[in-house]
Structures are given as C-alpha cells and as structure tokens.
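Order of listing sets the numbers, starting from 1, for every ligand and every atom in it.
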Amino acid sequence: MNRLQTRIKALIEAAGPIPVSEYMTLCLGDPENGYYTTRDPIGAAGDFVTAPEVSQMFGELIGVWCMAVHEAMGAPDAVHLVELGPGHGTLMADLLRAARIRPDFAAAAKVHLVETSPTLRARQAATLRGLAEPIWHERLDDVPDGPAIVIANEFFDALAIRQLVRTEDAWRERLVGLDQSGNLTFGLGAGKIDPALLPPELPQAKPGAVFELRRAGEAMMAALGECAVRFGGAVLVIDYGHTASGLGDTLQAVGKHARANVLERPGEVDMTAHVDFAALARAAKGAGATVEGPVNQGEFLIALGLLERAGALGAGRSKAEQDEITASVERLAGPDEMGTLFKVMAVTGGISVPGFARLSTGASL
Ligand code: SAH
C-alpha cells in the first residue's frame, strides 16, 4: 500500500469520509506524497503527453497569439506574461523563441509562472535558462497586479471538483470512505445539498445522476476576468471538456498512458475532471469580462497559421522529418486527436484577439 493511501485511510478512520474535492486535492497536491508534488508526469516516459510536448509549433503559435494581444493592448512597454501550470516549461520556451521576431513584445514581457510542484519548477527553470528570468508563484493571487497575458494549457482540468449525486429526494455530496475490508470506496453524505448550488439550466436529473461543481476553477476565472477588465490583457484557456454545463461523472485517473482506478493508487496516477467551459465563461462574464469561443483546438491553431508554420518548418528537411511534422499537425489539429477534444477559450477586457473568428482569413487550407 502506498504512503498516501495509508494516510488517507487513517484520516477517514479518525474524522469520517471526505468529499471528492478533498480527496482530489490530497492526491494531486499533498506536499509530501501528492502526484504533482513528487513526480514529473509529462512525456513519453511519464503518464501523459501534452500539446507543447508534441511539437514546438504549439508554443510558437501561442506566441503569435500573445504578440497579437500585446499589439491589441496598445503595445504597453510592460506586461505580465503569466502561465498557469507550465509543466516542463516547453510552451513558454517555444513562445519566447517565436517572440524574438517582435523585440518590443519580448522586452515588455515579464514571465510569471504559477506552479505548486517543486519538481516541475526545477524542470521549468532548466528549460527557460537563457530565455527568461521567470518569477514563480504558489498561487494566482500572488502575481502582482497589472496588464497581463495569461496562458493555461491543461491546467483547469487538474483543479479539484466536488461531485453531487442525485438521490430520490435530493442532491447529496459524493464522499470517499472505507468499505468493510478497509478499502477506499465511494459513498454519499447524509446532508441535502442546497439546489441553488446547481445551474438553473441543468436538465432533469434521474437518481444516480452526477453533477460536478468546479468552484476552484470558477473562482480563478472570475479573478482573471476581473484582472483583464481592470488592467487590460487577455487570458487563454486550452483544455479538454464540454461547452455546456451538464450531468456526468468525468473524474478520471491516468497512469502510464492508460486509464486507472481513481481510488486504487492515490498520488501515483494523474487525476483530472473535464473542464466546464460554460461555467468558466459565466464566471468571467460575471466579472464583466468578454468571452471568445470556445472553439476547437484544431480550428484555433489553423486560424493562427499552423499549416503555414508546418510548411516553413518542413522546407528543405528530409522526408522523415517532414513526415514527423505532418504527424504533429494531425495530432494537434486532427479531428480524431486533440483537434476536437481540446477547446480554446479567451477572456478579455474587450480588446479583439485572433483565432476565434468563424471564417478566419488567416488560414489557407
Ligand atoms: N501546461 C503544461 C502542464 C500541464 S499538467 C503542459 O501543457 O505541458 C498541469 C500543470 O499544472 C503541472 O505543471 C502542475 O504541477 C500544475 N498544477 C496543478 N495544480 C496546480 C495548482 N493548484 N496550482 C498551480 N499549479 C498547479
């Protein structure tokens, strides 16, 4: 049995079952035995591969987006370039390399990384050596006020959620407790959940239906929206999830590129929940911000010039290298791959940002 599992069982024995949100927070962020705290999960040798690790083109195109946003902001000579959960730092490194074409942006951008994992902070420092002198923050709230361009790729899916389960007479909190043999198991809280916590447009729920409440992500998005309105700038969220708030259990665990049981190896496998883009959009609009999208990742990258960039990158290269670039384009933008599963949404204080027009003139297919 792993150490975190032993500790969670002891906690439940002493104080009773815990909400899914608390379980998820312990699994991912526990300072001693949490998943992100103790390991480097990203890459072929890890548990999952993210878009920046597929190809440099991903970070470069996000760089193109940031330069356009900076220009739309009136090219201020100081802007916070913030990334939430930067992983290996690859996206930021590719973005900054692309930004060399716009020295005014490169000079204005001060890099802030919001990252809780010491392991990944060290990795980010190594990746960004010679490219930037980032300032690390434990929490978004610690980033100083000011105009900001904020990037979050596969960040919101790692934030803790609560799960509410419909029973015959009410909604109840899903809890993690112990079964008769002392193993972790799901159960339900005795108290009834106030229905006001659920969105009004939610479809009629049958007994057993699950609704996921993502307050951590919504609070963060409200703060980001407020910042965009007050100081200017924009926020780019890229993640997998759904575009309308609905019912369904999306909590999942992944280890070594395969699905795993959520309760079996806490802290050893990744745990995520789909992002509810509609809920994030409501939070941003509630703060007075403007929301663009969500659009499919494939659509967004092509509008920013993915195909042109792939062509330029492949020019003069060997057939094998060109095939690899083509495969990366397919992986990032293909309909059966990340292209439709992942969505992109921007939040601004009202400036216009590229990549969200229905008929983009930038793309030549
Ligand atoms: N954006 C990267 C990594 C995605 S994995 C990429 O695309 O490759 C999620 C990242 O978010 C990791 O860096 C993880 O350590 C970080 N993270 C997870 N929860 C966090 C939290 N609550 N606060 C700050 N960082 C967090």
Side-chain angles (χ1 to χ4, degrees), residues 21-31 33-63 66 81-96 111-128 134-143 150-161 214-221 223-224 235-241 252-255 257 267 269-275 297 300-301 328 331-332 338 341-344:
S21 49
E22 194 177 331
Y23 178 71
M24 203 173 165
T25 302
L26 287 168
C27 288
L28 293 178
D30 180 76
N33 306 112
Y35 178 73
Y36 281 115
T37 338
T38 56
R39 59 190 71 218
D40 176 0
I42 305 158
D47 292 320
F48 56 90
V49 173
T50 55
E53 307 300 326
V54 169
S55 165
Q56 69 186 74
M57 294 185 287
F58 188 77
E60 289 169 347
L61 292 170
I62 305 293
C66 291
L81 180 58
V82 185
E83 188 175 356
L84 309 180
H88 287 181
T90 311
L91 189 162
M92 185 56 80
D94 292 331
L95 182 168
L96 292 170
V111 177
H112 294 268
L113 305 177
V114 178
E115 175 61 70
T116 41
S117 158
T119 313
L120 290 173
R121 280 187 183 201
R123 183 70 197 246
Q124 291 151 19
T127 309
L128 292 169
I135 300 175
W136 278 271
H137 305 276
E138 197 69 20
R139 296 145 38 86
L140 175 65
D141 291 349
D142 300 335
V143 177
V150 184
I151 311 293
N153 184 59
E154 287 208 49
F155 171 77
F156 280 90
D157 65 60
L159 300 180
I161 58 154
R214 299 163 170 87
R215 283 292 192 255
E218 288 165 30
M220 223 177 245
M221 186 43 96
L224 288 166
V235 185
L236 191 68
V237 178
I238 308 161
D239 226 310
Y240 55 94
Q252 65 170 34
V254 167
H257 307 270
V269 292
D270 187 29
M271 200 178 291
T272 60
H274 283 197
V275 171
Q297 173 171 303
F300 178 77
L301 293 177
S328 303
R331 184 104 186 260
L332 292 174
M338 294 176 131
L341 183 62
F342 281 74
K343 317 274 181 229
V344 186

*Asks:* With sequence neighbours excluded, give me every salt bridge (Lys or Arg N to Asp or Glu O under 4.0 Å) pair touching residues 151-161.
*Replies:* none
*Asks:* Distance to 0.1 Å, residue and atom name: give those for the protein heavy atom nearest to atom 9 (C) of ligand 1.
*Replies:*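 Result for atom 9 (C) of ligand 1: E154 O, 3.5 Å.
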*Asks:* Specify the protein heavy atom at minimum distance from atom 13 (O) of ligand 1: its residue, its atom name, and the distance to 0.1 Å.
*Replies:*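 Ranked first by proximity to atom 13 (O) of ligand 1 is E115 OE1, 2.6 Å.
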*Asks:* What atoms of ligand 1 come within less than 4.0 Å of a heavy atom belonging to P86?
*Replies:*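 Checking each atom against P86, I get 2 (C), 13 (O).
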*Asks:* If you compare all heavy atoms of R139 against all heavy atoms of V114, which two are closest, and at what distance to 0.1 Å?
*Replies:* C-CG1, 3.8 Å
*Asks:* Have a look at ligand 1 and work out which part of L120, if any, has a heavy atom under 4.0 Å from it: side chain, backbone, both or neither.
*Replies:* side chain
*Asks:* Distance check, rounded to the nearest 0.5 Å: L140 atom CG versus M221 atom CE?
*Replies:*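 Rounded to the nearest 0.5 Å, the CG-CE separation comes out at 10.0 Å.
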*Asks:* Between F156 and R214, is any pair of side-chain heavy atoms under 4.5 Å apart?
*Replies:*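 Result no, sub-4.5 Å side-chain heavy-atom pair not found.
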*Asks:* Looking at residues at least two apart in the chain, or sitting in another chain, which of them share a side-chain hydrogen bond (donor to acceptor under 3.5 Å, both in side chains) with H112?
*Replies:* H80, H137
*Asks:* Measure the spacing between CG of L81 and CG of L113 and express it to the nearest 0.5 Å.
*Replies:*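 Reported value, rounded in 0.5 Å steps: 8.5 Å.
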*Asks:* Pick whichever of T116, L140, L84 has a heavy atom sitting closest to atom 21 (C) of ligand 1.
*Replies:* T116
*Asks:* To the nearest 0.5 angstrom, please state how far the CG atom of L91 sits from the CD1 atom of I238.
*Replies:* 7.0 Å
*Asks:* Let me see the working for I42 and F48 under side-chain contact (heavy atoms from CB on, under 4.5 Å), right down to the final yes or no.
*Replies:* CA-CA 5 Å; I42 305 158; F48 56 90; 3.8 Å; yes
*Asks:* I need the nearest protein heavy-atom contact for atom 22 (N) of ligand 1: residue, atom name and distance, please.
*Replies:* L159 CD2, 3.8 Å
*Asks:* Among all protein non-hydrogen atoms, which one is nearest to atom 8 (O) of ligand 1, and what is the separation to 0.1 Å?
*Replies:*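 For atom 8 (O) of ligand 1, the nearest protein heavy atom comes out as T50 OG1, 2.5 Å.
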*Asks:* Kindly identify the option in Y36, F155, Y35 whose heavy atom sits closest to atom 5 (S) of ligand 1.
*Replies:*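 Nearest option to atom 5 (S) of ligand 1, by heavy atoms: Y36.
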*Asks:* Given 3.5 Å as the limit, does a donor-acceptor pair link the side chain of S117 with the main chain of Y36, or not?
*Replies:*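 Yes.
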*Asks:* Any atom of ligand 1 sitting under 4.0 Å from a heavy atom of L91?
*Replies:*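 Heavy atoms of L91 never come under 4.0 Å of ligand 1.
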*Asks:* What part of T90 sits under 4.0 Å from ligand 1 if we count only heavy atoms: the side chain, the backbone, both or neither?
*Replies:*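 The answer is neither.
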*Asks:* Output yes when the distance from some N or O of ligand 1 to some N or O of G87 is under 3.5 Å, and no in every other case.
*Replies:*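 Min N/O separation from ligand 1 is below 3.5 Å for G87.
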*Asks:* N/O to N/O below 3.5 Å, does that happen between G85 and ligand 1?
*Replies:*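 Between G85 and ligand 1 (N or O atoms, distance only) the closest approach is under 3.5 Å.
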*Asks:* Would you mind running through ligand 1 and noting each atom that sits below 4.0 Å from a heavy atom of N153?
*Replies:* 1 (N), 2 (C), 4 (C), 6 (C), 7 (O)
*Asks:* Pull out every atom of ligand 1 sitting under 4.0 Å from any heavy atom of S117, numbered as shown with elements.
*Replies:*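 Near S117, the atoms of ligand 1 are 15 (O).
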